[in-house]
Amino acid sequence: MTDPLSPHAASPLAPRPVDRALDPAFRHGQSMEPNYSGVASFLRRRYAKDGGGAEVVVWGVPLDVTVSNRPGTRFGPRALRAASAILDGDPLFPFNADPFGPLDVADAGDCVFDYGLPAGIPAAIEAQAARHYARGSHLVTLGGDHFLTYPVLRALVARTGAPVALVQFDAHQDTWEDDGSRVDHGTMITRAVKDGLIRVERSVQVGIRTHAPQDCGIRIIDGFAAAELGPKALAAAIAERVGDAPAYVTFDIDALDPAFAPGTGTPVCGGLTSREALDTLRRLGGLDLKGFDVVEVSPPYDHAEITALAGASLAACYLGVLAARKAGGARIAP
């Protein structure tokens, strides 16, 4: 006899499924759970610590030791997962499709490291990212402060054997001087350039609204220029810069104006709207995409979860872009 309280029971006690994140057989389609209940995996995808053989793995890096202003980003992955629940159950806008029809996506939980030994954190992130890449998975990372991009890039480039174009949405360039040993969310792009992880001639930073002592050869489209271009022309400018190079997209939530993302550590006025960011991101499907992260969501400074929802929407949009690419015959694995 079927248990009327089981996740799969069709009865008055359980008219909709719950906790499908705990079902290892749940690989395709949307969960259709009530938004307010159930295990909060990202977009209700099944949990699989080893990735479960999924072609796309979402994982969290609850890093909060390299921030230079307000802390709280260690709570970012949890907040992004919770906010994503409201995005499940309908065709993903503006794709008018279920991305989990073509894509098998799993939530691998969070990266593990010892917060009391911060010098060992970069290697821990890199090693765990490398294991996901070794299984052939495309990695989507939920932050966590922005330093995490550096060890993830190290793992990605080790997997692909070649540096990548960086598409960085951010209020800050993160190109302050680095001596090769800092664990710092303001210097990791300099370090990545020095380590040969980034093809600077194909890379672009979008939404910048601060000054740094060097640009490392990366093109800058500042916040005012991005607004003047508008999403369609901005996406075209990004695509022109990147060309056919393999590309990694990193989205610091402070690329958005504080009106749309107050919950972050170093907010800067004059940024993108959430509509402009989503409209730009959805147009990047022509790039040879190799990975994505959304970082610097700091829930203690958020209001009504609007920052977490913006971050979750950006990650969901990226999955929509990947699904469209796969449907068009593109390779998803890095």
Side-chain angles (χ1 to χ4, degrees), residues 42-43 58 73 76 79-80 83-84 86-87 92-95 99 140-144 146 149 165-174 203-210 218-242 247-287 289 291-298 301-324:
F42 189 74
L43 286 172
V58 180
T73 54
L80 289 163
S84 76
I86 199 173
L87 303 175
L92 183 63
F93 183 84
F95 305 95
V140 172
T141 304
L142 311 177
H146 208 166
T149 300
L166 184 71
V167 179
Q168 179 182 351
F169 292 85
D170 207 320
H172 311 86
Q173 295 170 247
D174 301 330
S203 297
V204 59
Q205 296 177 322
V206 178
I208 302 300
R209 305 186 299 286
T210 55
I218 299 171
R219 181 184 176 187
I220 295 173
I221 303 176
D222 67 38
F224 296 155
E228 290 175 0
L229 284 170
K232 185 176 181 179
L234 178 57
I238 294 169
E240 181 181 14
R241 177 70 171 182
V242 173
Y248 184 91
V249 180
T250 178
F251 201 108
D252 187 324
I253 205 67
D254 70 23
L256 303 183
D257 189 87
F260 301 91
T264 192
T266 49
V268 181
C269 292
L272 299 169
T273 69
S274 52
R275 177 190 57 77
E276 289 169 336
L278 289 164
D279 198 7
T280 302
L281 182 60
R282 75 179 179 97
R283 297 173 186 273
L284 300 183
L287 303 186
L289 298 168
F292 175 86
D293 63 53
V294 57
V295 297
E296 297 287 350
V297 171
S298 182
Y301 295 94
D302 206 359
H303 299 280
E305 300 179 341
I306 61 173
T307 310
L309 180 58
S313 297
L314 288 160
C317 181
Y318 182 79
L319 292 176
V321 171
L322 285 187

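Listed here is the closest heavy atom pair of Asp302 and Pro262: OD1-CG, 4.0 Å. Nearest heavy-atom pair across Leu234 and Ala226 is CD2-CB, 4.0 Å.
Between the side chain of Arg209 and the main chain of Ala255, a donor-acceptor pair closer than 3.5 Å is present. For Asp222 (side chain) and Ala225 (main-chain N/O), a donor-acceptor pair under 3.5 Å exists by modelled atom type. In this structure a side-chain-to-backbone donor-acceptor pair under 3.5 Å is missing from Thr141 to Thr149. Remark: side-chain polar atoms of Asp254 are not paired, donor with acceptor, to backbone N or O of Glu296 under 3.5 angstrom. Judged purely by atom type and a 3.5 angstrom limit, Thr273 uses its side chain to pair as donor or acceptor with the backbone of Glu276.
Using a 4.5 Å cut-off on side-chain heavy atoms (C-beta onward), Leu289 and Tyr318 make contact. Residues Ile238 and Thr280 are in side-chain contact: their nearest non-hydrogen atoms beyond the backbone lie under 4.5 Å apart. A heavy-atom distance below 4.5 Å is found between the side chains of Phe95 and Arg282. In this structure, the side chains of Ile253 and Leu314 come closer than 4.5 Å at one or more pairs of heavy atoms.
Rounding to the nearest 0.5 Å gives a distance of 5.5 Å between CG of Leu284 and CG of Leu281. Atoms OG1 and CG, from Thr266 and Asp252 in turn, are 6.0 Å apart once rounded to the nearest 0.5 Å.
With sequence neighbours excluded, no residue satisfies ring-ring contact (aromatic ring centres under 6.0 Å, His included) with Phe42.
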